[in-house]
Amino acid sequence: MEKKHLKISAGLVDLTDVQPEALTHYHAITVSSGVVLVTPRTRRLLAEFGAILNCGGVIDVPDGCQLNNINGGTTLTEHTQVVDNTVLLVNGHLRLAPGSQETIRKYAKIMVNGPLILPEGLQGQCSGIIQNGQQIVYPDGADYVEGNIQINDRFLRRIKKDAAFFTRSSAFLIEENVDVQALLDQNILIHAKTAYVSENYPDGELLFDSNAQIISVPAGFRVIQGNLTLDQQTEAEYGKKLFVVGKCRVEMAAKNALESLEKIIVAGEAQVDEDLMDLWQARCVKADKVTRINQARKIKGMDSDVIISKEMLALCPRGLEIIDCKNVIILPDVEAAFLSEKILKMRGVSLCVCTQEQQSVLQLVCEFVDFAREKPEKKKAAEDEETKVLKISAGFYKL
């Protein structure tokens, strides 16, 4: 049986347990990957065989190691059990809890593709950690909180004097009847990236460290934490004054809902139908960013040919957008002026077949588009590529 060329494409490729017998099945091996794991033994073996490694990094790990591959966040504590000669790979955030220094030393190697979160006192223990991502360091003695901190009666009941808290997200001091003075008397300090503080609490900002961005929430506004799509139930659920921390989407169907609001503030992005912009501006006090939702029809991600005719464009009264398609063919009888009126955007098209006049107007609204007068004939796939190559694509692969 004729040997094949093995081509591996993966985010992570584990080559720590490769045996000579496995390599003899192929006349060549090419690995394309973000990270490749090898041991001293397999590195020599792959070099002798002539394997090609096209990767962001080749990481040496001990012979006979066990790979613990975690997708998502995880936390190491002083009680975490570690099997001898284990390599830890985290695709997500890794949090190092106070007192976890002995646990860190037990691993043969630690690699993190994401944020590394740790108290200041553990910074000296991280020199051996291979990391691709942000390092987030918080003060020793502060309690780490995953997600937003809600300062309310429940929070007040659980705190102790001189307590400190840290979150890499936001803190909210917006509920009614919070005894802020009691928190200040107990010397509470909150470390947060952003703090939303009701203007009913003029001393509320004293609860936060000096690096926190303080955003004042006007009295009478209902704070919505997370994305909001405005609809007919919004007023009944939240009232007429909204403060949205996240994205706010306002489609044409929500016109009456928008009219019923008195005021809206968006700490984030507002996506508003283009026909509602005047009404939106009358209701919106402030938004970090406003983008228009156009009512154009869209063709997206098609591998087969997209045929553009006069009849098809006539069915798009608000225009047409073509995004990430393989081939677009403009029929020759589509006038350039009509095409210019209807095609609002063309992006990521491998080939657009059209006349010179059509191209002259299309290129004004194109990004990453190649043009041609004729569609080239399909070339026969090379026999080597079809019959003599074994392709493997995966997020993680072990050979």
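A distance-only check finds no donor-acceptor pair linking the side chain of R222 to the backbone of K241 [under 3.5 Å]. Checked by atom type and distance alone, the side chain of K240 pairs as donor or acceptor with a backbone atom of S260 at under 3.5 Å. In this structure a side-chain-to-backbone donor-acceptor pair under 3.5 Å is missing from T42 to V18. At distances below 3.5 Å, at least one donor-acceptor pair connects side-chain atoms of K3 with backbone N or O atoms of T24. With hydrogens and angles ignored, the 3.5 Å screen pairs a side-chain donor or acceptor of N152 with a backbone N or O of R154. A donor-acceptor pair under 3.5 Å links the side-chain atoms of Q358 to the main chain of V334, judged by distance alone. At distances below 3.5 Å, not a single donor-acceptor pair connects side-chain atoms of R249 with backbone N or O atoms of I293. Looking only at distances, no side-chain donor or acceptor of S100 sits under 3.5 Å from a matching main-chain atom of T103. Side-chain atoms of D153 never come within 3.5 Å of backbone atoms of L156 as a donor-acceptor pair (strictly under, hydrogens ignored). Proximity of a side-chain donor or acceptor of R347 to a complementary backbone N or O of D324 within less than 3.5 Å is not detected.
With rounding to the nearest 0.5 angstrom, the CD1 atom of I224 is 7.0 Å from the CD1 atom of I264. To the nearest 0.5 Å, atom NZ of residue K298 and atom CD of residue E321 are 4.5 Å apart. Rounding to the nearest 0.5 Å gives a distance of 10.5 Å between CG of D273 and CG of L258. Interatomic distance, CG of L206 versus CG of L183, reported as 11.5 Å (0.5 Å rounding). In this structure, D143 CG and T167 OG1 are separated by 12.0 Å, a value rounded to the nearest 0.5 Å. Separating the CG atom in D17 from the CG atom in L37 is a distance of 12.0 Å, to the nearest 0.5 Å.
Considering only heavy atoms from C-beta on, V13 stays 4.5 Å or farther from C55 through its side chain. Using a 4.5 Å heavy-atom threshold, the side chains of I130 and I110 count as separate. In this structure, the side chains of I129 and Y107 stay at 4.5 Å or more apart for every pair of heavy atoms. Under the 4.5 Å side-chain criterion, counting only non-hydrogen atoms from C-beta, L207 is not in contact with V197. The shortest side-chain heavy-atom distance between N148 and V245 does not fall under the 4.5 Å cut-off. In this structure, the side chains of L362 and I330 come closer than 4.5 Å at one or more pairs of heavy atoms. Side-chain contact between L118 and C126 is present, with heavy atoms from C-beta onward closer than 4.5 Å. At least one side-chain heavy atom of I308 sits less than 4.5 Å from a side-chain heavy atom of I322.
Summarising the geometry of S198 relative to I174, their closest heavy-atom pair is CB-CA, 4.1 Å, with the distance given to 0.1 Å. A296 approaches L344 most closely through the heavy-atom pair CB-CD1, 3.6 Å. The minimum heavy-atom distance between L122 and A97, with the atom names listed, is CD1-O, 3.3 Å. Taking both residues in full, the closest heavy atoms of I104 and Q125 are given as CG2-O, 3.8 Å, listed atom of the first, atom of the second, then distance. Shown here for A336 and V361, the closest heavy-atom pair between the two residues is O-CG2, 3.6 Å. In terms of heavy atoms, V369 sits closest to M346 at CG2-O, 3.6 Å.
Within a 6.0 Å sphere centred on NZ of K160, heavy atoms belonging to other residues, nucleotides or ligands number 12 at most. Counting heavy-atom neighbours within 6.0 Å of R373 CZ, excluding the residue itself, gives a total above 12. The environment of CZ in R168 is crowded: more than 12 heavy-atom neighbours from other residues, nucleotides or ligands sit within 6.0 Å. Within a 6.0 Å sphere centred on CD of E374, heavy atoms belonging to other residues, nucleotides or ligands number 12 at most. Around the CG atom of D84, the shell of radius 6.0 Å holds no more than 12 heavy atoms that belong to other residues, nucleotides or ligands. K263 NZ: 12 or fewer foreign heavy atoms inside a 6.0 Å radius.
V285 and L279 fall into different hydrophobic clusters, where Ile, Leu, Val, Met, Phe, Trp and Tyr side chains are chained together by heavy-atom contacts under 4.5 Å. Hydrophobic clustering keeps Y238 apart from F243 (ILVMFWY residues linked when any side-chain heavy atoms are closer than 4.5 Å, directly or through intermediates). A chain of hydrophobic side-chain contacts below 4.5 Å, direct or via other Ile, Leu, Val, Met, Phe, Trp or Tyr residues, connects V353 to V365. Hydrophobic clustering (ILVMFWY, side-chain heavy atoms < 4.5 Å, transitive): V223 and V180 are in distinct clusters. F49 and V38 fall within a single hydrophobic cluster, where Ile, Leu, Val, Met, Phe, Trp and Tyr are joined by side-chain heavy atoms under 4.5 Å apart, directly or via other members.
Grouping Ile, Leu, Val, Met, Phe, Trp and Tyr residues whose side-chain heavy atoms lie under 4.5 Å apart, directly or via other members, leaves I323 alone, with no other cluster members.
Residues in residues 94-118 take part in these salt bridge (charged side-chain N to carboxylate O under 4.0 Å, His left out) pairs, two or more places apart or across chains: E102-R105. Within the structure, every pair that satisfies the ring pair (Phe, Tyr, Trp, His ring centres under 6.0 Å) test and touches residues 196-235, not counting sequence neighbours, is listed here: F172-Y196.
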field: Derivation of the side-chain contact (heavy atoms from CB on, under 4.5 Å) call for L331 and I307
entry: CA-CA 7 Å; L331 296 185; I307 309 297; 4.0 Å; yes

message: side-chain contact (heavy atoms from CB on, under 4.5 Å) for L67 and T16? Distances and angles first, verdict last.
response: CA-CA 9 Å; L67 178 63; T16 61; 5.9 Å; no

- request: Just do the side-chain contact (heavy atoms from CB on, under 4.5 Å) check on Q66 and N68 with the steps written out, would you?
  value: CA-CA 6 Å; Q66 297 187 42; N68 184 9; over 6 Å; no

field: Worked check of side-chain contact (heavy atoms from CB on, under 4.5 Å) between L230 and L261
entry: CA-CA 10 Å; L230 204 65; L261 295 181; 4.0 Å; yes

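Every residue two or more places apart in sequence or in another chain was checked for a side-chain hydrogen bond (donor to acceptor under 3.5 Å, both in side chains) with N85, and none qualifies.
Between D275 and R318 a salt bridge is recorded (basic side-chain N to carboxylate O distance below 4.0 Å).
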Check residues 133-141 and write down every donor-acceptor pair under 3.5 Å in which the side-chain atom is one partner and the other belongs to a residue at least two apart or another chain.
{"from": "D140", "atom 1": "OD1", "to": "E120", "atom 2": "N", "distance (Å)": "3.3"}
{"from": "D140", "atom 1": "OD1", "to": "G121", "atom 2": "N", "distance (Å)": "2.8"}
{"from": "D140", "atom 1": "OD2", "to": "G121", "atom 2": "N", "distance (Å)": "3.1"}

Using a 3.5 Å cut-off and no angle test, enumerate the donor-acceptor pairs between side-chain atoms of residues 211-219 and protein atoms at least two apart in sequence or in another chain.
none

